[in-house]
Amino acid sequence: MKEFSECCEFLQSRTIITPRVAFILGSGLGSLLEQVEIDATIPYREIPHFPVSTVEGHAGNLIFGTLCEVPVAIMQGRFHYYEGYSMQQIAFPVRVLKLLGVECLFLANATGGLNPAYKTGDIVLIGDHINLQFDNPLRGKNGEEFGVRFPDMSRAYDEELILFAQKSAQKRNIVLHSGVYVACCGPSLETPAEYRMFRLLGGDVVGMSSVPEVIAARHAGMRCCALAAVTNESSTAQQGVETSFHTVQENAQKALPNMTAIFTDILMELKIGS
Ligand code: HPA
């Protein structure tokens, strides 16, 4: 489609990097960037056909560079369904990344902990998800150039990348839970009854992102690995204590160094040359 080729041509004219791995970083999770040798930082608003991020705390840049000698693209700031974007708009950058050469997609997000064993600041390796956004980026005419009409989702999160993440956590003595991510529309946080329901449904954490991107990425054959920072515990809501966006951001920061370490360890295990 014309939108994709115009977008790719523009990006290729702005960077010498052919990215093999991409990162989508959410609320306050941008500091992985400190380790990247940056070639180009391109504001979303300059990129043809890109949606523009509207959430406070989400910088809107697409960054190209190298991390651990691997050519990477980093989405600093993501697009959420609650901002009013369609699922297709949320999937657009993922598909562009695929066309640019990305094979692996790493996602970081902030979540509410449903599993009572999870504490604020913990990290959860997402092993599966439940899509309660009740929409799908693949709805409508199938993009045959990306993938099949009915893509399999039995292994949405790549088994080898999961093993690399677990190995990294073990080596570094990081507590890394494995859990099921429940995706909701937001932007309101859950009521105590909703948190209880999501736990009953089989969820370990709840958030407002990532699932549309993972569905689009899997459709296009990309390998996915997602880490969730537990920024608040649902038990807090059960006790009638409020959770603020500020708290969510602050607690995401706590998990950040360990998330960055795990992602970079996985990258090194992947042994992708530049
Ligand atoms: N619910 C949904 N999304 C979230 C939460 C939560 O409790 N915390 C951070 N993102």
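Note that ligands are numbered from 1 as they come in the structure, with each ligand's atoms numbered from 1 the same way. What's counted below: heavy atoms across the whole structure, side chains too, no hydrogens, waters or symmetry copies.
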Should Gly207 be listed as contacting ligand 1, given a heavy-atom distance under 4.0 Å as the test?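 The answer is yes: ligand 1 sits under 4.0 Å from a heavy atom of Gly207.
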Please confirm whether Ala110 comes under 4.0 Å of ligand 1, counting heavy atoms of the residue only. yes
Does the pair Arg223/Glu160 count as a salt bridge with the N-to-O cut at 4.0 Å? yes
Determine, for Lys254 against Glu250, whether the closest basic-nitrogen to carboxylate-oxygen distance falls under 4.0 angstrom. no
Any side-chain donor-acceptor pair under 3.5 Å between [X] and [Y]?
| X | Y | result |
| --- | --- | --- |
| Thr41 | Asn61 | no |
| Asp122 | His177 | yes |
| Thr120 | Asn251 | no |

List every atom of ligand 1 that sits less than 4.0 Å from any heavy atom of [X], numbering the atoms from 1 in the order shown and giving each element.
| X | result |
| --- | --- |
| Asn232 | 5 (C), 6 (C), 7 (O), 8 (N), 9 (C) |
| Thr231 | 8 (N), 9 (C) |
| Tyr195 | 1 (N), 6 (C), 7 (O) |

List the residues meeting side-chain hydrogen bond (donor to acceptor under 3.5 Å, both in side chains) with Arg199, not counting sequence neighbours, and say none if there are none. Asp204
Minimum-distance protein heavy atom relative to atom 1 (N) of ligand 1: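 Protein heavy atom at minimum distance: Glu190 OE1, 2.6 Å.
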Residue pairs passing the side-chain hydrogen bond (donor to acceptor under 3.5 Å, both in side chains) test where at least one lies in residues 124-133, sequence neighbours excluded: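 Only His129-Tyr157 qualify under side-chain hydrogen bond (donor to acceptor under 3.5 Å, both in side chains).
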Per-residue contact class, Thr243 against ligand 1 - non-hydrogen pairs under 4.0 Å: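 For Thr243, no heavy atom sits under 4.0 Å from ligand 1.
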Taking distance alone, with N or O pairs closer than 3.5 Å, would you say Gly112 contacts ligand 1? yes
Going by heavy-atom distance to atom 4 (C) of ligand 1, choose the closest among Leu114, Thr247, Val206, Thr120.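 Checking each option, the heavy atom nearest atom 4 (C) of ligand 1 is found in Val206.
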